[in-house]
Amino acid sequence: MKARRIIAAFAIIAAFSFAAWSQNFAGHQPTIVYHPPEITSISRGHLGGVVLQFRIPGGFHINSNQPKQDYLKKTELKLDAPTDIAIAGVTYPAGEDRSFPFDPNEKLNVYTGDFAVKVLVRPLRTVMPAKYAVHGMLKYQACDNAACYPPKQLPISFEIKVVKAASETRHRNPAQSPNIH
Amino acid sequence: MKRDPVILIVVAVVISLMLVFGIQKTRHSRPNSASALQGKPAPDFSLASLDGKATLKLSDFKGKAVLLNFWATWCEPCKIEMPWFVELQKQYGPQGLQVLGVAMDDTDPKDISEFAHKMGVNYPIAVGKEAVGDQYGGIPYLPSTFYIDRDGKVVDRVYGLVSRSEIEDDIKKALSSTGQVAQN
């Protein structure tokens, strides 16, 4: 009898919790979560890759970087790097072709769940070795199974550590001292 | 193991309620301020037409039942509704229905116009402004549709894509207003 009461009480609490969750979930712009990477060391004058991880909340999708339909908003990363640190390229993951309940006959190229964007960074040879922050925005537009949310921009940033290239270190150590001769 | 039927019934009822409530909330949830509009006069607005040559006012359609649809070209579910609106405008237009689209795009109105042309839209579309959305309680997502009766009062509002039959039911509700019959 006691166990029955406990289970019934648990079920009622669960129902109320779910109701509260539904109230919060429905109608609110989904926010993509950005997981900043650890500091990446990149030799100056060389290319280095930084992988940015994102998570889309369950039940939502965003268009990929190459949506099939030209009228859809593509997901795009806009970066603003410090002087003399060049963004050599951004590689987006391939989207997944999926159809949704609102139109089972049409496939959309989308991201769902976790996705990663790779940024290629090249510090120029003249850059002082130090830590630098790269800032930017992830532009995306999310939908669920019945509605779409206005385009949004998620601020992002990551740090790189510019170090001297191995070849530079070698050049600075003369093989022989002129005093020997 | 013997299962207590009372517990099973309680659990079944709770799960059913959670499912029904969750689906309803997800499909028809609305901003609180928009709920306050129900039964009240629909806020008038003045927006540019897609070609920029005309101004569209809600008050221009006084005496008609208006289906006011906020949409955007980037909204795939909105695209599903548009052919339905075209058909429903043809079907219920003679009875006094006027479908009115408000495009909430941030793109060139020419692109919106081209999109609407491709979709075969037969009803007027205005270039939306956030301020107008705010007048309607905020438009957190699209499509968002308001049903306005012949007296200019909001009879219903629906957020997100719903079935054609649900749209048709709301149109009938808006048309059945006791107000003055529209003059075409």
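Here is the naming used below: chain letters follow the sequence lines, and residue numbers restart at 1 for every chain. What you see is a predicted model; the values in this text were computed from it and never measured.
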Query raised in the report: Out of curiosity, does A:L124 fall in the hydrophobic cluster containing A:V119 (side-chain heavy atoms, cut-off under 4.5 Å, transitive links)?
Result: yes
Report summary line: Partner of A:C148 under side-chain contact (heavy atoms from CB on, under 4.5 Å), picked from B:Y141, B:W71, B:W74, is B:W74
**Report entry** Reported CG-to-CD distance for the pair A:D103 and B:E76, which is rounded to 0.5 angstrom
**Finding:** 6.5 Å
Report summary line: A:A146 and B:P77 have their tightest heavy-atom pair at O-CB, 3.7 Å
Query raised in the report: What class does the angle between the rings of A:Y71 and B:F115 fall in, given that below 30° is parallel, 30 to 60° is tilted and above 60° is perpendicular?
Result: perpendicular
Requested in this report: Would you mind telling me which of A:C143, A:P151, A:P101, A:A142 has the largest number of heavy-atom pairs within less than 4.5 Å of chain B?
Outcome: A:P151
Query - A:I42-A:L120 co-clustered via ILVMFWY side chain contacts under 4.5 Å - result: no
Query raised in the report: Which value, rounded to the nearest 0.5 Å, describes the distance between B:I80 atom CD1 and A:F102 atom CZ?
Result: 7.0 Å
Query raised in the report: Taking everything shown except B:E130 itself, do over 12 heavy atoms lie less than 6.0 Å from its CD?
Result: no
Report task. Indicate the atoms forming the closest heavy-atom contact of B:P140 with A:P150, along with that distance. Result -> O-CD, 3.2 Å
Query raised in the report: Is it true that A:I160 and A:V90 fall in one hydrophobic cluster, defined by side-chain heavy atoms closer than 4.5 Å?
Result: yes
Query - Co-membership, hydrophobic cluster, residues A:Y92 and A:F60, 4.5 Å side-chain - result: yes
Query raised in the report: In terms of heavy-atom proximity below 4.5 Å to chain A, should B:D105 be classed as side chain, backbone, both, or neither?
Result: neither
Report task. Check whether more than 12 heavy atoms from other residues, nucleotides or ligands sit under 6.0 Å from atom NZ of B:K129, and answer yes or no. Result -> no
Report task. Would you mind reporting whether A:K73 and B:T107 have side-chain heavy atoms less than 4.5 Å apart? Result -> yes
Query raised in the report: If you group Ile, Leu, Val, Met, Phe, Trp and Tyr by side-chain heavy-atom gaps below 4.5 Å, do A:I85 and A:M137 land in one group?
Result: no
Query raised in the report: Taking all non-hydrogen atoms of both residues, which atom of B:P143 and which atom of A:A147 are closest, and how far apart?
Result: CD-CA, 4.4 Å
